[in-house]
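Throughout, protein chains are lettered first and strands after them, A, B, ... in sequence-line order, and every chain is numbered starting at 1. Small disclaimer: the values here were computed from a predicted structure and weren't measured. Because only heavy atoms are used, hydrogens play no part in the values below, and waters and symmetry mates are left out as well, while side chains stay in.
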There are 2 protein chains.
Amino acid sequence: MLSKKTKYGIKALVYLAKQENRAPVQISVISQSENISRKFLESILLTLRKNGVLGSKKGKGGGYYLLKDPKNIPMTDVMRLLEGPIAMVPCVSLNFYEKCDDCPDENACAVHKIMLKVRDNTLEIFRNTTLADLSN
Amino acid sequence: MLSKKTKYGIKALVYLAKQENRAPVQISVISQSENISRKFLESILLTLRKNGVLGSKKGKGGGYYLLKDPKNIPMTDVMRLLEGPIAMVPCVSLNFYEKCDDCPDENACAVHKIMLKVRDNTLEIFRNTTLADLSN
DNA sequence: GCATTATCCTATTAAATCGATAGGGTAATA
DNA sequence: TATTACCCTATCGATTTAATAGGATAATGC
């Protein structure tokens with residue numbers, strides 16, 4: 001299940017991508033427009049800023065803005081930042097790999113086999129979908 | 001993230017599918033072989049039995065066994081029984097649909113758009129993968 | 001300069017879910 | 001008729017999630 005954190009993050013990013021200019025947008029503007037808890041959204045945007053997706057400006061006329069062209073922001077980046085692993089099981093995760101306690105042999109594991117397929121497929125979609133694609 | 005419930009359930013089903021005959025297998029045998037908590041596995045197999053995937057036999061020589069040919073058990077069935085919705089967001093779920101509180105218009109929602117793609121793709125994989133495929 | 005604005009940061013919390021455990025009841029078999 | 005093994009309910013600790021609170025800090029415009 002997708003967390004609200006990720007869901008809200010994507011919505012906020014799309015909102016920013018739809019802005020004509022790159023002028024900063026206040027948290028409260030996005031939060032009201034997208035029906036997101038202001039404080040919760042605040043922490044999400046902070047994460048995105050700390051990881052180089054967003055820039056911010058303090059004081060009057062401040063807010064958040066995209067640092068890159070939406071075309072250059074693949075969903076893989078967003079998902080990994082906010083949601084964490086894309087794979088459904090740690091043992092098939094590229095960026096968050098973990099061995100299973102129970103499995104003696106990963107290659108013989110049926111769960112591993114099917115979830116690897118799912119991950120490959122999902123990954124492909126997220127890789128080929130950019131923020132620009134979602135903003136149309 | 002895939003729950004251990006589903007993970008264990010798949011492993012148990014594969015174990016049963018690998019049996020040459022359809023003789024009942026005791027919970028404890030599967031639990032030991034697959035490194036699964038006996039009691040936890042018990043509740044999982046019970047769910048699978050109540051939903052027509054497994055049959056059971058009480059008393060000496062009893063245990064669980066598959067009711068259908070592994071070829072006729074698609075992973076969609078297993079996933080929906082144990083994990084619940086296949087979609088990452090309720091608003092794109094076929095069997096567990098729910099409207100989002102925040103979204104005024106589903107068709108205009110970016111999250112909806114991308115997650116629909118992911119669901120279609122994942123669903124296709126689960127549909128085309130049977131228990132028999134995982135048991136080889 | 002100074003008041004205003006809006007981000008920045010830490011801590012807390014209520015609720016839900018997950019994984020596991022406990023303990024006995026019931027039915028079938030040999 | 002004793003044994004075996006599934007059946008059923010209840011509980012519990014740990015973790016995660018979503019949200020909230022309260023103030024510190026920095027930048028802007030007048």
Under 4.0 angstrom, heavy atoms only, what part of the nucleic acid is [X] near: base, sugar-phosphate, or nothing?
X: A:Lys39; value: base
X: A:Leu45; value: nothing
X: A:Lys7; value: nothing

query: Just wondering, do A:Asn128 and A:Asp133 contact through their side chains at under 4.5 Å, heavy atoms?
result: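 A side-chain contact under 4.5 Å is absent here.
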Contact under 4.0 Å: [X] side-chain N or O vs [N] OP1/OP2:
X: A:Ser43; N: C:dC9; value: no
X: B:Tyr64; N: D:dC7; value: yes
X: A:Arg38; N: C:dT7; value: yes

field: Minimum heavy-atom distance between A:Gly9 and A:Ile44, given as atom pair plus value
entry: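 Heavy atoms of A:Gly9 and A:Ile44 come nearest at CA-CG2, 3.7 Å.
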message: So which atom in A:Glu106 and which in A:Tyr97 form the shortest heavy-atom distance, rounded to 0.1 Å?
response: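 Looks like OE2-OH, 2.7 Å.
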- prompt: Nearest of C:dT21, D:dA18, D:dA5 to any side-chain atom of B:Gln26?
  reply: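 The listed nucleotide nearest to B:Gln26's side chain is D:dA5.
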Can you check the [X] [atom1] to [N] [atom2] distance for me, whole Å?
X: B:Arg49; N: D:dA5; atom1: CZ; atom2: P; answer: 18 Å
X: B:Lys57; N: D:dC7; atom1: NZ; atom2: P; answer: 13 Å
X: B:Ile44; N: C:dG19; atom1: CD1; atom2: P; answer: 9 Å
X: A:Lys58; N: D:dA27; atom1: NZ; atom2: C1'; answer: 8 Å
X: A:Lys5; N: D:dA18; atom1: NZ; atom2: P; answer: 9 Å
X: A:Ile27; N: C:dT5; atom1: CD1; atom2: C1'; answer: 12 Å

- prompt: Any Lys/Arg nitrogen of A:Glu42 or A:Lys39 sitting under 4.0 Å from an Asp/Glu carboxylate oxygen of the other?
  reply: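 Salt bridge present between A:Glu42 and A:Lys39.
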field: Carboxylate-amine/guanidinium contact B:Lys7 A:Asp102, below 4.0 Å
entry: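 Salt bridge present between B:Lys7 and A:Asp102.
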task: Test for a donor-acceptor pair under 3.5 Å between the base of C:dC8 and the side chain of A:Glu42, counting only N and O atoms.
output: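 Pair found.
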message: Angle between the two end axes of the helix from C:dG1-D:dC30 to C:dA30-D:dT1, five base pairs per end, rounded to 10 degrees?
response: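 About 20°, once rounded to a multiple of 10°.
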message: If we check side chain to side chain contact (heavy atoms under 4.5 Å, CB included) with A:Ile86, which of these qualifies: A:Val92, A:Thr122, A:Val118, A:Leu94?
response: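 Only match with A:Ile86 under side chain to side chain contact (heavy atoms under 4.5 Å, CB included): A:Thr122.
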